[in-house]
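Structure, as structure tokens:
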Amino acid sequence: MSFPSWLSQLYRGLSRPIRRTTQPIWGSLYRSLVQSSQRRNPEFSSFAVRTNTCGELRSSHLGQEVTLCGWIQYRRQNTFLVLRDFHGLVQVVIPQDESAASVRKILCEAPVESVVQVSGTVISRPAGQENPKMPTGEIEIKVKTAELLNACKKLPFEIKDFMKKTEALRLQYRYLDLRSFQMQYNLRLRSQMVMKMREYLCNLHGFVDIETPTLFKRTPGGAKEFLVPSREPGKFYSLPQSPQQFKQLLMVGGLDRYFQVARCYRDEGSRPDRQPEFTQIDIEMSFVDQTGIQSLIEGLLQYSWPNDKDPVVVPFPTVTFTEALATYGTDKPDTRFGMKIIDISDVFRNTEIGFLQDVLSKPHGTVKAICIPEGAEILPVFLNANRNWNSPVASFIMESQRLELIRLMDTQEEDVVLLTAGEHNKACSLLGKLRLECADLLETRGMVLRDPTLFSFLWVVDFPLFLPKEENPRELESAHHPFTAPHPSDIHLLYTEPKKARSQHYDLVLNGNEIGGGSIRIHNAELQRYILATLLKEDVKMLSHLLQALDYGAPPHGGIALGLDRLICLVTGSPSIRDVIAFPKSFRGHDLMSNAPDSIPSEELKPYHIRVSWPTDSKAERAH
Ligand code: ASP
């Protein structure tokens, strides 16, 4: 019997995935569900009318009377029907004899994706008709009774064509999209990982799972927040961008190990692969230092990591923010491949090349380069390793400089060296972007730079406490958030050169994505007030509750938050975080299924003392 290609691929086992997309199988999903439940196998059919799941029947069940419920995957020549549930597929034989005419009618007429209940006996398939690709391929069901539980209309898309439908259509009919193997796998794996995280935090390490409010007030700094109107004129709640203040207040309250699977909200407009509401594994601890939090997170990820992936190796390597920028041109380096940035300023100290001379004469002027292995494949060559350098400046490069460059960059034939000159940070971040672009280009040409089965974790530490504000670079803003403690050896700098102070902020990076961040907090009210009022020029009245709390015996504390959606997206190798969220918003923040956000009749806005001021160009919308 022939299978739809997506399923037959999945049945082949969890082979090493090709490029970014993992191709797990129903069996592996089942295995990870079973293994992660430490005490015994979960009962997938308890409390239900079915006796078994579609995917679990084997030769060992021969002769058993079973009741199955599922969706009609497809039908062949009115003789067989394949029934599906989350667990897998099973073949049902459509009875041909006259006495079973009513059963035959139901099974032959129900459209594909209708949901049916069948009862019958597990029998072996006739010799030669076994399907080794199908876990249930040795058996089939000889039906006695059948019931059409609900018929399915003509579908807007075929469930099995996961990759072929547009995302807008998938989001519009999300409940159908969720029937696909990929979405089932992603959401079930997510549930498993969260369950193991809870187990690790609460049962093994005494954390307390505490819910914090989502109706709160505006907090200074950080991301833009969503407003929620209240019935008091001109007063609004805000949806918190994270439970930051509450988790610190819990520490003051003596709940010294807090965690929450927390929903967070950020009104950041449309940004690719961000969601206006998303989930964090939010953690806070008292009497802890940076290494304590790092070890906790390493243990947490190791414990909750899916069984069907390569195990997580701890401890994770650490780089400082300064090293990350100098070596990879970013604070979230993808360390699965090399192509590191190298400072080649010294090679060109006596150069005759005008633009290099110019840059090197400036205070922070540098010349930097990256070597693209086999880059000649993808780029018009700038500097080539062989004798005939293909570059407009090649004739101005002296032999000694050329040799030194080849030595420093370890250049081979067919490699390309990309060189940039400028201020240190700018030069590095430009090369950092080129490094990723080149990796993408090389991979489109078939070179494997980033092994898709590799999970490369990295701690980035020693961030600056402040950065220049984007809108006004003379003012400061917190690099993380205003509650982050300064590095102990840099406290004096707060009063002299705050821009130079480092912080106790750490980020966790996975394959070039920031998947978590946290810090040791300020627990001294005076220092917190100084940073907020004097350095960040924030209105401290808005945070008077927190400042007051710090004065009542606040313990030293610190924490972290992991971005759950992004983590699961990377673990499952999904192309977008929307693929690991059951009901995500579109790129523009809309729910395409229900059409949220939606307009409200002005009558209903009255209790909130709100009137819409319609932009002039949206008259049509208003009429609608
Ligand atoms: N609340 C912080 C954030 O959302 C994380 C932390 O500092 O614990 O980034």
Side-chain angles (χ1 to χ4, degrees), residues 197 201 207 209-214 216-226 238-252 255-268 271 274-286 288-297 300-301 321 331-332 459-467 477-487 502-510 513-523 528 531-532 536 543 546 550 554-567 577:
M197 286 180 180
L201 289 167
F207 280 75
D209 182 350
I210 302 174
E211 288 169 77
T212 56
T214 51
F216 191 41
K217 66 183 267 186
R218 211 169 73 77
T219 33
K224 253 202 151 347
E225 291 165 335
F226 283 100
S238 279
L239 301 181
Q241 42 183 296
S242 82
Q244 187 61 36
Q245 291 184 45
F246 291 108
K247 65 176 176 171
Q248 292 192 235
L249 292 167
L250 287 169
M251 297 303 111
V252 184
L255 284 142
D256 65 347
R257 287 167 175 243
Y258 144 92
F259 115 91
Q260 180 180 193
V261 181
R263 187 59 61 85
C264 305
Y265 305 88
R266 294 185 191 171
D267 188 6
E268 293 182 328
R271 290 229 218 148
R274 294 256 176 124
Q275 284 281 301
E277 52 180 319
F278 60 96
T279 307
Q280 287 185 340
I281 301 294
D282 196 41
I283 291 173
E284 195 76 9
M285 267 181 85
S286 296
V288 71
D289 61 12
Q290 183 163 322
T291 52
I293 298 283
Q294 288 176 330
S295 305
L296 168 77
I297 294 303
L300 174 74
L301 287 167
F321 170 80
D331 60 0
K332 39 178 196 277
W459 288 110
V460 182
V461 301
D462 289 355
F463 279 81
L465 189 54
F466 305 110
L467 293 172
E477 65 185 6
S478 302
H480 186 47
H481 54 54
F483 315 112
T484 300
H487 198 286
R502 288 165 305 161
S503 68
Q504 296 188 63
H505 157 203
Y506 30 84
D507 269 357
L508 182 59
V509 174
L510 172 56
N513 298 273
E514 183 195 323
I515 56 155
S519 58
I520 299 302
R521 324 297 184 189
I522 298 165
H523 64 282
Q528 183 68 81
I531 288 186
L532 282 169
L536 296 171
L543 282 168
L546 186 83
L550 293 184
H557 60 286
I560 191 163
L562 298 182
L564 183 66
D565 310 295
R566 177 129 310 124
L567 174 66
I577 59 166

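From a predicted model like this one, the values you see are computed outputs, not experimental measurements. All ligand and atom numbering here is 1-based and tracks the order in the structure.
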Are Phe259 and Met197 packed together at the side-chain level, in the sense that at least one heavy-atom pair is separated by less than 4.5 angstrom? no

Regarding ligand 1, does Gln241 bring an N or O atom to under 3.5 Å of one of the ligand's N or O atoms? no

Please could you name the atoms of ligand 1 that His481 approaches to less than 4.0 Å, counting only its heavy atoms? 2 (C), 6 (C), 7 (O)

Take Ile577 and Phe278 through the side chain to side chain contact (heavy atoms under 4.5 Å, CB included) test and state the conclusion after the steps. CA-CA 10 Å; Ile577 59 166; Phe278 60 96; 5.9 Å; no

Which protein non-hydrogen atom lies closest to atom 2 (C) of ligand 1, naming both residue and atom, and how far is it? Gln244 OE1, 3.5 Å

The side chain to side chain donor-acceptor pair (under 3.5 Å) partners of Ser478 (sequence neighbours excluded) come to none

Can you find a non-hydrogen atom of His505 under 4.0 Å from ligand 1? no

Mind checking whether Lys247 has a heavy atom under 4.0 Å from ligand 1? yes

Proximity of Arg266 to ligand 1 by residue part, where a heavy atom lies under 4.0 Å: side chain

Nearest protein heavy-atom contact for atom 9 (O) of ligand 1: which residue, which atom, what distance? His480 CE1, 3.7 Å

Given the rule in the salt bridge (Lys or Arg N to Asp or Glu O under 4.0 Å) test, do Glu277 and Arg263 qualify, once you have shown the distances and angles that lead to the verdict? CA-CA 7 Å; Glu277 52 180 319; Arg263 187 59 61 85; 2.9 Å; yes

If you count the atoms of ligand 1 from 1 in the order shown, which ones are under 4.0 Å from a heavy atom of Ile560? 8 (O)

With a cut-off of 4.0 Å, which atoms of ligand 1 are near a heavy atom of Ser242? 1 (N), 4 (O)

Do any heavy atoms of Arg521 fall under 4.0 Å from ligand 1? yes

Please identify which atoms of ligand 1 are closer than 4.0 Å to at least one heavy atom of Gly517. 5 (C), 6 (C), 8 (O)

With side chains defined as the heavy atoms from C-beta onward, is the minimum distance between Thr484 and His481 less than 4.5 Å? yes

Please work out whether the ring planes of Phe321 and Phe463 are parallel, tilted or perpendicular, with thresholds of 30° and 60°. tilted

Quiz question: by atom type and distance under 3.5 Å, do the side chains of Thr212 and Gln260 form a donor-acceptor pair? yes

Heavy atoms, side chains only, cut-off 4.5 Å: are Phe246 and Ile210 in contact? no

